[in-house]
Amino acid sequence: MSELATTLAGALAESLGYDSWGFPESCNKSTCFLRLNHYPPCPFSSDIFGLMPHTDSDFLTILNQDQVGGLQLMKDSKWVAVKPNPSALIVNIGDLFQAWSNDVYKSVEHKVMINSKRDRYSIAYFLCPSYESTIGSCKKPSIYKDFTFGEYRKQVQEDVKTTGQKIGLPRFLLQNISL
Ligand SMILES: O=C(O)CCC(=O)C(=O)O
Ligand SMILES: [Fe+2]
């Protein structure tokens with residue numbers, strides 16, 4: 001999985017004209033992780049979040065969902081269901097790739113809706129660097145100020161605690177227009 005993730009990250013960087021995305025050595029077995037998600041059914045409503053709308057705080061996420069469905073992503077201001085496909089993995093861009101690419105790649109907002117009858121399972125692999133890694137933009141002028149991954153995680157946790165929501169990258173805009 002780690003090989004696939006770093007190969008994909010490299011290909012995304014190459015398509016922007018860069019030899020490397022700069023972080024292959026700081027993303028390793030001790031910084032990347034796998035999350036096993038279980039969404040028990042909820043018979044009372046078909047309109048319940050299994051996972052609230054969010055973006056992932058990583059470079060990219062490789063996701064394997066089962067056949068139940070429920071994953072939706074934001075496209076052109078609309079929620080679009082991601083149809084389960086047993087022979088495909090889903091690759092989502094995360095916040096760090098958005099910052100590194102200076103907004104060329106966008107971190108995709110996604111959520112999970114609960115199924116009323118069936119348990120749902122998914123496996124997500126998160127490509128993350130060490131907390132000390134500085135995430136700068138690949139080209140200047142940069143939209144975001146440089147930050148370490150540790151600073152980013154800390155800010156996200158603080159915002160969730162104080163506002164109930166993740167604010168994410170807008171916190172790090174150099175011209176703080178949206179806050
Ligand atoms: O269960 C899914 O399909 C999505 C999981 C997810 O978005 C996450 O773990 O961050
Ligand atoms: Fe996610």
Side-chain angles (χ1 to χ4, degrees), residues 1-35 51-64 71-80 82 88-111 124-179:
M1 200 57 100
S2 71
E3 224 174 286
L4 174 62
T6 43
T7 304
L8 286 170
L12 287 165
E14 266 175 44
S15 80
L16 293 185
Y18 294 87
D19 288 346
S20 158
W21 54 296
F23 299 91
E25 57 293 318
S26 51
C27 294
N28 55 53
K29 281 198 178 103
S30 63
T31 63
C32 300
F33 62 98
L34 201 65
R35 185 150 70 206
L51 208 51
M52 299 275 287
H54 67 281
T55 58
D56 293 341
S57 303
D58 61 352
F59 278 110
L60 55 83
T61 308
I62 301 177
L63 195 65
N64 184 355
L71 175 66
Q72 297 184 11
L73 53 84
M74 185 55 90
K75 188 168 183 281
D76 303 327
S77 309
K78 287 198 188 87
W79 287 111
V80 179
V82 182
L89 294 168
I90 298 152
V91 180
N92 284 340
I93 300 283
D95 300 342
L96 303 187
F97 231 115
Q98 177 168 340
W100 181 80
S101 70
N102 222 16
D103 269 5
V104 175
Y105 295 124
K106 292 284 168 52
S107 184
V108 66
E109 192 179 7
H110 54 286
K111 63 178 182 179
Y125 178 83
F126 297 88
L127 182 66
C128 296
S130 63
Y131 281 169
E132 301 75 47
S133 304
T134 300
I135 315 300
S137 158
C138 67
K139 69 171 199 272
K140 306 288 172 216
S142 173
I143 298 173
Y144 302 100
K145 56 185 162 206
D146 288 1
F147 54 83
T148 66
F149 183 47
E151 282 165 351
Y152 191 72
R153 293 297 294 244
K154 193 161 164 256
Q155 187 65 58
V156 167
Q157 279 163 10
E158 266 173 41
D159 289 337
V160 170
K161 218 164 135 188
T162 53
T163 71
Q165 284 183 26
K166 169 178 168 179
I167 294 173
L169 279 181
R171 270 270 181 238
F172 295 85
L173 280 169
L174 274 170
Q175 284 175 336
N176 209 336
I177 30 179
S178 69
L179 287 181

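Heavy atoms only: backbone and side chains are in, while hydrogens, waters and symmetry mates are out.
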For this session: For the pair Asn102 and Lys139, evaluate side chain to side chain contact (heavy atoms under 4.5 Å, CB included) and give the outcome as yes or no after the intermediate values.
Result: CA-CA 7 Å; Asn102 222 16; Lys139 69 171 199 272; 4.0 Å; yes
Exercise. If you measure only the distance, is there a donor-acceptor pair under 3.5 Å linking the side chains of Asp103 and Gln98?
Worked result: yes
For this session: Answer yes or no: is there a side-chain heavy-atom contact under 4.5 Å between Phe149 and Cys128?
Result: yes
Problem set entry | side chain to side chain contact (heavy atoms under 4.5 Å, CB included) between Leu16 and Val104, intermediate numbers included | CA-CA 9 Å; Leu16 293 185; Val104 175; 3.5 Å; yes
Seminar exercise, completed: d(Leu127 CG, Thr6 OG1) to nearest 0.5 Å is 7.0 Å
For this session: Verify side chain to side chain contact (heavy atoms under 4.5 Å, CB included) between Leu60 and Leu12, making sure each step is shown before the conclusion.
Result: CA-CA 10 Å; Leu60 55 83; Leu12 287 165; 3.8 Å; yes
Exercise. Does a donor on one side chain sit under 3.5 Å from an acceptor on the other, for Thr162 and Asp159?
Worked result: no
For this session: Classify the angle between the aromatic ring planes of Phe23 and Trp21 as parallel (below 30°), tilted (30 to 60°) or perpendicular (above 60°).
Result: tilted
Problem set entry | Value rounded to 0.5 Å, distance of CG in Leu96 from CZ in Phe126 | 12.0 Å
Problem set entry | Nearest non-hydrogen partners of Val156 and Gly168, listed with the distance | CG2-CA, 4.5 Å
For this session: Would you check if there is a donor-acceptor pair between the side chains of Glu151 and Tyr131 at a distance under 3.5 Å?
Result: no
For this session: Check whether any side-chain heavy atom of Glu132 sits under 4.5 Å from a side-chain heavy atom of Thr148, and report yes or no.
Result: no
For this session: Answer with yes or no whether the side chains of Ser15 and Tyr105 bring together a donor and an acceptor at under 3.5 Å.
Result: yes
Exercise. With His54, which of Lys166, Lys111, Gln165, His110 fulfils side chain to side chain donor-acceptor pair (under 3.5 Å)?
Worked result: His110
Exercise. Does a sphere of radius 6.0 Å around NZ in Lys140 hold more than 12 heavy atoms from other residues, nucleotides or ligands, not counting ones at 6.0 Å or beyond?
Worked result: yes
For this session: Classify the angle between the aromatic ring planes of Phe147 and Phe172 as parallel (below 30°), tilted (30 to 60°) or perpendicular (above 60°).
Result: tilted
Seminar exercise, completed: Per side-chain contact (heavy atoms from CB on, under 4.5 Å), Ile62 is matched among Leu8, Ile90, Leu34 by Leu8
Problem set entry | Under 3.5 Å: donor-acceptor pair, side chain of Tyr152, backbone of Leu169 | yes
For this session: Any chance you could lay out the salt bridge (Lys or Arg N to Asp or Glu O under 4.0 Å) test for Arg153 and Asp95, step after step, and finish with the verdict?
Result: CA-CA 11 Å; Arg153 293 297 294 244; Asp95 300 342; over 6 Å; no
Seminar exercise, completed: Value for SG (Cys32) from CE (Met1), rounded to nearest 0.5 Å, stands at 11.5 Å
Exercise. Short question: side chain of Asn28, backbone of Ser30 - any donor-acceptor pair under 3.5 Å?
Worked result: yes
Problem set entry | Spacing of CG belonging to Asp56 relative to CD belonging to Glu109, to within rounding of 0.5 Å | 11.0 Å
For this session: Report the distance from atom OG1 of Thr31 to atom NZ of Lys29, rounding to the nearest 0.5 Å.
Result: 11.0 Å
For this session: Grab the two heavy atoms, one from Ala99 and one from Tyr144, that are nearest each other, plus how far apart they are.
Result: CA-CD1, 3.9 Å
Exercise. Is the closest side-chain heavy-atom distance between Trp100 and Tyr18 below 4.5 Å?
Worked result: yes
Exercise. For Val160, does its backbone N or O pair with a side-chain atom of Thr163 as donor and acceptor, under 3.5 Å?
Worked result: no
Seminar exercise, completed: When every non-hydrogen atom of Gly22 is compared with those of Pro24, the smallest separation belongs to C-CD, 3.3 Å
Problem set entry | Tyr125 side chain to Leu63 backbone, donor-acceptor under 3.5 Å | no
Exercise. CD1 of Ile135 to OG of Ser26: how many Å apart, nearest 0.5 Å?
Worked result: 7.0 Å
Problem set entry | Derivation and outcome, side chain to side chain contact (heavy atoms under 4.5 Å, CB included), residues Leu73 and Val82 | CA-CA 7 Å; Leu73 53 84; Val82 182; 3.6 Å; yes
Problem set entry | Heavy-atom donor-acceptor pair, Thr55 side chain to Ser107 backbone, under 3.5 Å | no
